[in-house]
Each structure stands twice: as structure tokens, then as C-alpha cells.
Undergrad: 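Shown below is the structure under consideration.
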Amino acid sequence: MGGSRRDKWFLGSTAAAAAVVVVLFGLVPPLVALRPLRERDSAAGGGSWGDERLFLRSYESDLSPYSAWNITGTYKGRWNFVETTNGSSRLFDFGNSNGESVLELVSTSTKISGVHYVQGAVTFHDVFDSMHDHVFSKLRLEGVYIWPFRQLRMVASSGGDGKVLQEEDYFLSNPYHLLGVFSSQVLQESHQDKIWRRKSLNYDVEKHCNIEIAAQVSRTSGQHVHGDHERYHLEGLLESPKVDDDGECFSPILLNATSLNTEVYYNKAVNYTLMVTFVSFLQVLLLIRQMEHSNTQSGAAKVSVIMIGQQAIMDAYFCLLHLTAGILVESLFNAFATAAFFKFVVFSIFEMRYLLAIWKASRPMNNGEGWETMRRELSVLYSRFYGILLGGILLMYELHNLLRPILFAMYSFWIPQIITNVIRDTRKPLHPHYIIGMTLTRAAIPLYVFGCPSNFLRIQVDRSWCIFLGLFMGLQALILLLQYFLGSRWFIPRQILPEKYCYYRKLENDTNQIADCVICMTGIDLLTQQRSNDYMVTPCDHFFHTGCLQRWMDIKMECPTCRRSLPPA
């Protein structure tokens with residue numbers, strides 16, 4: 001049964017290729033035969049490989065274009081069982097009969113013309129039902145690639161000899177592989193994934209199964225996708241030949257994959273970092289605009305410390321994530337380090353400075369306190385901030401399978417400001433440009449990660465979650481804008497609101513007919529004022545023009561005449 005399948009896949013091969021395969025996989029154990037290919041010297045290779053080498057050299061003049069074929073790269077495609085059901089469960093006990101597969105191959109030339117030594121790994125995705133889409137199974141492989149006949153033969157590597165892959169540097173620099181692993185670890189892996197990954201395939205291979213891959217490699221035109229880059233198509237069969245009376249370990253699996261253009265993937269990652277850099281630059285401009293809007297003590301005291309601190313923590317997390325991704329993938333370090341630097345600037349310079357200004361503005365003034373008291377209180381502020389920052393990292397590490405609810409909690413950063421406006425009855429604490437701009441720029445990263453169909457992190461699109469997040473953030477921004485234009489308590493029924501001081505109260509009988517506004521130094525003729533909203537009266541019975549006192553209250557909530565604290569207008 002297994003032999004007929006191999007004949008099907010290698011129909012049309014010549015007798016010389018068959019001889020090479022026999023020597024590789026028949027005369028000696030597979031792992032022993034493969035590894036010495038790169039180490040065998042010319043003297044040792046002159047015996048058993050002489051005929052095959054002469055045969056392959058005779059074709060070099062005709063097949064010289066094939067010698068440039070380098071199948072190193074990442075191949076993405078589909079896997080499916082040949083039979084309708086998986087008859088065996090000794091190795092691949094998959095719940096699904098098909099799914100997505102990713103092959104990563106490293107091909108290097110040997111001293112035998114026409115034969116390349118290949119190492120790599122195959123990853124099977126979607127091995128269970130839709131509730132566990134992100135569960136995957138990985139298998140390490142090694143073998144040979146005979147480029148004149150475009151044949152790839154590989155076997156499973158048990159790893160029992162303790163040696164590492166000789167081309168490990170490729171896997172450490174492949175952005176498609178490493179960023180995908182990074183995203184699955186940070187964004188997708190659940191408790192069930194950890195349990196599945198504890199079932200080592202290498203252990204099962206070493207004890208029970210022999211696994212072989214027989215594949216045909218063909219060149220495909222990639223001009224209709226991304227330029228003139230060479231692309232290869234791999235079609236083969238992964239099966240377990242019978243060993244003694246044990247039978248097959250699993251039903252044969254068909255593999256069908258096409259090479260990926262890593263340059264395109266690299267460009268996607270670079271474009272993402274450019275987007276993050278541009279968004280960070282816009283956030284700096286918006287923060288400067290907001291700091292100018294609340295550059296007075298009274299204006300800064302209206303802003304919620306929790307709101308600014310929550311945004312600063314978010315930017316600190318994004319800085320650490322991008323820096324980690326840059327360290328993980330060396331070829332993308334410059335791009336991700338630039339994005340991390342801009343996030344660091346937003347977090348450490350502007351937001352922390354604004355946080356300190358708000359803290360100083362809202363802090364009660366005590367005449368008898370000294371520098372030691374201020375330094376102690378400032379230390380408490382920074383300790384709380386960085387304690388929450390580190391505690392959040394530990395919390396997300398332990399609860400990373402609940403990352404999306406955690407993201408919703410993080411992106412509720414406008415809610416503390418809404419509550420502060422209602423409690424203090426503050427007047428226009430945030431500039432409308434800051435509200436709209438921050439809402440849009442902060443939604444850019446999560447919407448790209450979970451909403452872009454071709455995102456470089458290879459995360460499955462969740463449009464319903466993205467729509468819900470957009471509506472949630474839009475509702476917060478809308479409430480803040482209505483508080484800016486209609487008042488901070490516009491949505492609360494008047495029946496339950498506390499009594500509020502009225503600056504437009506009527507004149508008393510003993511009030512002088514003429515009063516002076518000490519702000520503009522002009523008189524207020526109370527008898528000729530037909531409308532009561534043309535002037536304002538403080539609780540200490542001092543009269544001011546309405547516009548003068550409103551501008552003053554934007555700076556200080558104190559009476560210009562007697563320095564008595566004023567209630568919110």
C-alpha cells in the first residue's frame with residue numbers, strides 16, 4: 001500500500017534518481033545516511049557515490065538552471081488525510097481531517113552534485129474543531145533534495161542524539177516564523193494549547209514511528225502576486241511505513257504548499273511599524289495641544305490623573321512589545337526599535353510630564369510643608385504607577401487567554417474622565433481635538449491586529465470584536481464631547497442632582513446700584529442691566545462681568561477680590 005503511493009508521487013523519475021534514493025534510505029538507517037552528506041570528504045565519497053555523481057554531472061550542462069534552485073524558505077498550504085477518517089491514533093490524533101500547514105525548509109549544497117541537504121519543520125494547524133483553532137502540532141524533519149529531478153525526500157528527526165539543527169540561524173531570523181510564534185504565545189495560546197504542546201511528537205517518533213515525506217517541487221510564476229520573485233510549489237505525501245508487525249502509525253497525509261515571499265512579509269511588518277510611528281507622532285501633537293488647553297492650575301486640576309496614567313501604561317506596554325519583537329527578529333530590529341522609541345517618547349516624556357502637572361495642580365497647598373513631604377508624596381505617586389505597570393504585566397501573563405477582555409478594560413481610558421466630570425462638575429477639561437484624535441489613534445493598533453485580513457502577525461480576523469471595540473470607544477468619546485458642549489451632567493436627571501450654586505442669583509435690596517469689576521476695572525451698572533446673566537455674583541457677594549469671571553475661573557477657582565474658593569459654575 002505504501003509502495004504504491006510512493007510510485008504515484010515519483011512516477012517519471014529515472015533509474016539514477018532511484019539509485020540515489022535507495023542508497024539514502026535503503027542501505028543504512030535514514031538519520032545516519034543523511035547527516036554525513038555535508039561532512040563526507042572527497043575520498044570517502046568516491047566509492048558509493050561515484051556512479052551517481054558521474055550521472056548527475058552529465059546532466060549539469062542541460063539542467064544548469066536547476067542548480068540555482070534553492071528551496072530554502074517558508075511554505076504555506078493545506079494538509080488533509082488521504083482516507084476519509086484517520087484510522088490510527090498512535091501519533092496524529094487529530095480531530096479534523098484537513099487544515100492549514102506551514103513548512104520551513106533550509107537547503108544547503110553538498111559535495112554531491114545535484115543533491116542538497118535539507119532540514120526543517122512542518123506545522124499542522126487547525127488540528128481540532130473551531131473551538132481550538134489555534135492548537136497546532138509541529139514535527140522536525142531532515143532529508144535530501146535532488147534538484148535535477150525536483151524530488152524531496154525527508155524523514156522525521158527524533159532529536160535523540162542531542163544535536164541541534166545546523167541551520168538554526170535561519171529559523172532565528174525568519175520573521176514569518178518567529179513573529180507568528182510570538183503572536184501565538186502572546187495573543188492566542190490558551191490553557192488547552194499548553195496541554196497539547198506538552199505531548200511531544202519527537203518522543204512518539206523516537207519510540208514508535210518512522211515517518212517519511214516524499215514530495216515533488218515545481219516552479220510557479222509569482223509575477224501576478226508580487227513582482228518577479230521565484231516561487232515554488234511543493235506537493236507530497238507524509239506517511240508511516242509499516243515496521244515489523246506494528247502497522248502504520250497514522251493515515252497518510254497529503255501536503256500541498258506554496259512558498260511565501262518573505263520580502264512581502266517583511267514589507268508588511270515595516271509598513272506596520274511606520275503606521276505605529278506616525279500614530280505616535282500624532283499623539284505627541286495631540287498631547288501638546290491638550291497641555292496648552294489646560295496650562296493653568298485650574299485647567300490641569302480638571303483632568304483625571306487615572307485617565308492619563310492609564311494611557312501612559314498602555315504606551316509603556318506597546319513600547320515593550322515592539323522592543324521584544326525587534327529583539328526576537330533581528331532582521332526587523334531597526335523597524336520595531338523605531339516604533340518602540342516613539343512609544344517610549346510618548347510615554348516617558350509627554351504623558352509622565354502631564355501626569356506630574358495634573359498631580360501638582362490637584363494637590364492641596366499646605367503652607368507648612370517642606371521638600372521632604374513633597375518628595376515623599378511624589379515617590380508614592382511613581383511607586384503606584386510602576387507597581388501597576390509591573391503588576392499588569394504579570395496579570396496579562398497569567399491571564400493571556402483572556403487578553404481580549406483585558407484589552408477592553410485598557411481601552412476604557414475615557415471612563416475615569418467622564419466620572420470625574422460628573423463628580424466635580426468640571427467645565428471643558430479636554431479639548432475636542434484631543435478627544436477625537438486620541439480615540440482614533442489608539443484604536444489603530446488593535447483594529448489592525450484583529451481586523452486586517454492580511455496582518456503580518458497571522459492572527460485570525462474577528463470583525464465582530466473590532467466593531468464592538470469601535471462602538472465602545474466611540475460611545476466614550478461621544479459622551480465626552482457632549483459634556484464639553486452641553487455640560488458635564490447633561491445625561492443625569494435634575495431630580496437627583498445636588499443643589500448647585502447659581503452665579504446669576506437676583507440682587508438683594510441693600511445692594512449698591514453701582515459695583516466695580518476688579519478684573520477689567522470697569523463699573524457694573526446694576527440698575528441698567530436688563531438681563532441677570534450679564535453679571536455674576538460670587539457666594540461672597542462680589543460682582544463681576546460674566547465673561548470676566550468665566551475667564552478668571554478657567555485660571556483659578558478663587559474670588560479675585562477676597563481669594564475665597566469658588567464653587568463650580
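Both backbone and side-chain heavy atoms feed into the values below; hydrogens, waters and symmetry mates do not. Residue indices begin at 1 and follow the sequence shown.
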Undergrad: Identify the heavy atoms of Ile423 and Arg489 that sit nearest to each other, and give their distance.
TA: O-NH2, 3.2 Å
Undergrad: Could you tell me whether the side chain of Gln290 and the main chain of His431 form a donor-acceptor pair under 3.5 Å?
TA: yes
Undergrad: Do Pro429 and Asn421 have side-chain heavy atoms sitting under 4.5 Å apart?
TA: yes
Undergrad: In Å, rounded to the nearest 0.5 Å, how long is the span from OG1 of Thr338 to CG of Leu323?
TA: 11.0 Å
Undergrad: Quick one: does any side-chain atom of Gln417 pair with a main-chain N or O of Ser304 as donor and acceptor, under 3.5 Å?
TA: yes
Undergrad: Hey, does Phe491 have a side-chain heavy atom less than 4.5 Å from the side chain of Val422?
TA: yes
Undergrad: Going through the checks in order, is the side chain to side chain contact (heavy atoms under 4.5 Å, CB included) test met by Val449 and Asn455?
TA: CA-CA 6 Å; Val449 172; Asn455 63 81; 5.7 Å; no
Undergrad: Is a donor on one side and an acceptor on the other found under 3.5 Å between the side chain of His542 and the backbone of Pro560?
TA: no
Undergrad: Donor-acceptor check, side chain of Tyr411 to backbone of Gly470, threshold 3.5 angstrom: yes or no?
TA: no
Undergrad: For the residue pair Gln476 and Thr439, establish whether any side-chain heavy-atom pair is separated by less than 4.5 Å.
TA: no
Undergrad: Where the side chain of Thr273 meets the backbone of Phe336, is there a donor-acceptor pair that is under 3.5 Å apart?
TA: no
Undergrad: Report yes or no: does Lys302 contribute a side-chain atom to a donor-acceptor pair with the main-chain N or O of Arg427 at less than 3.5 Å?
TA: yes
Undergrad: Got a second to check how far Ile327's CD1 is from Leu332's CG, nearest 0.5 Å?
TA: 13.0 Å
Undergrad: Enter the distance from Arg289:CZ to Ser294:OG here, rounded to the nearest 0.5 Å.
TA: 12.0 Å
Undergrad: Which pairs would a plain distance check flag for residues 307-318, meaning a side-chain donor or acceptor within less than 3.5 Å of a matching protein atom at least two apart in sequence or in another chain?
TA:
from	atom 1	to	atom 2	distance (Å)
Gln310	NE2	Ala409	O	3.1
Gln310	NE2	Met410	O	2.9
Gln311	OE1	Arg442	NE	2.9
Gln311	OE1	Arg442	NH2	3.3
Gln311	NE2	Tyr434	OH	3.4
Asp315	OD1	Lys343	NZ	3.1
Asp315	OD1	Arg442	NH1	2.9
Asp315	OD2	Arg442	NH2	2.9
Tyr317	OH	Leu389	O	2.8
Tyr317	OH	Ile393	N	3.4

Undergrad: Atom OH of residue position Tyr501 - does it have more than 12 heavy atoms of other residues, nucleotides or ligands inside 6.0 Å?
TA: yes
Undergrad: For Trp552 and Arg563, which heavy atoms make the closest approach, and how far apart are they?
TA: CZ2-NH1, 3.5 Å
Undergrad: Set out, in order, the CA-CA distance, both residues' side-chain angles and the distance that settles side chain to side chain contact (heavy atoms under 4.5 Å, CB included) for Leu566 and Tyr503, then state yes or no.
TA: CA-CA 10 Å; Leu566 298 177; Tyr503 281 90; 3.4 Å; yes
Undergrad: Hey, mind stepping through Trp414 and Leu430 against side chain to side chain contact (heavy atoms under 4.5 Å, CB included) and telling me if it holds?
TA: CA-CA 11 Å; Trp414 291 131; Leu430 302 180; 3.7 Å; yes
Undergrad: Are more than 12 heavy atoms from other residues, nucleotides or ligands located less than 6.0 Å from atom CZ of Arg384?
TA: no
Undergrad: Look only at the side chain of Asn261 and the backbone of Glu263, and say whether a donor-acceptor pair between them is shorter than 3.5 Å.
TA: yes
Undergrad: Quick one: sort the Phe456 and Tyr265 rings into parallel, tilted or perpendicular, breaks at 30° and 60°.
TA: perpendicular
Undergrad: Consider only side-chain N and O atoms of Tyr504 and Thr546, and report whether a donor and an acceptor are under 3.5 Å apart.
TA: no
Undergrad: Assign the ring pair His293 / Tyr484 to parallel, tilted or perpendicular, where the plane angle (0 to 90°) is split at 30° and 60°.
TA: tilted
Undergrad: I want to check something: taking the side chain as every heavy atom from C-beta on, are Trp359 and Glu377 in contact at a cut-off of under 4.5 Å?
TA: yes
Undergrad: Please check if the number of heavy atoms outside Phe472 that lie under 6.0 Å from its CZ is greater than 12.
TA: yes
Undergrad: Rounded at 0.5 Å granularity, tell me how far CG in Leu402 sits from CG in Leu407.
TA: 11.0 Å
Undergrad: So, Tyr75 side chain and Ser101 main chain: donor-acceptor pair closer than 3.5 Å or not?
TA: no
Undergrad: Minimum heavy-atom separation for Met473 to Ala443, with atom names?
TA: SD-CB, 3.9 Å
Undergrad: How close do Tyr535 and Ile524 get, heavy atom to heavy atom, and via which atoms?
TA: CB-CG2, 4.3 Å
Undergrad: Counting only heavy atoms from other residues, nucleotides and ligands, does the tally under 6.0 Å from CZ of Phe344 exceed 12?
TA: no
Undergrad: Check whether any side-chain heavy atom of Arg404 sits under 4.5 Å from a side-chain heavy atom of Pro446, and report yes or no.
TA: no
Undergrad: My understanding is that only residues two or more places apart in sequence, or in another chain, count here; which of them pass side chain to side chain donor-acceptor pair (under 3.5 Å) with Thr561?
TA: none
Undergrad: Just verifying a value: how many Å separate Ile479 CD1 and Leu486 CG, rounded to the nearest 0.5 Å?
TA: 12.0 Å
Undergrad: Anything under 30° is parallel, anything over 60° is perpendicular, the rest tilted; go ahead and classify Phe408 against Phe468.
TA: tilted
Undergrad: Counting heavy atoms not belonging to Ile306, are there more than 12 under 6.0 Å from its CD1?
TA: no
Undergrad: Check the pair Glu100 / Arg78 against side chain to side chain contact (heavy atoms under 4.5 Å, CB included), numbers first and verdict last.
TA: CA-CA 4 Å; Glu100 184 180 282; Arg78 304 289 300 178; 4.1 Å; yes
Undergrad: If you round to the nearest 0.5 Å, how far is OG1 of Thr123 from CH2 of Trp79?
TA: 12.5 Å
Undergrad: Would you check if Thr426 and Gln483 make a side-chain contact, meaning some heavy-atom pair closer than 4.5 Å?
TA: no
Undergrad: Does Thr522 reach the side chain of His545, with side-chain heavy atoms less than 4.5 Å apart?
TA: yes
Undergrad: Below 4.5 Å, heavy atoms only, C-beta onward: do Ile436 and Leu481 meet side chain to side chain?
TA: yes
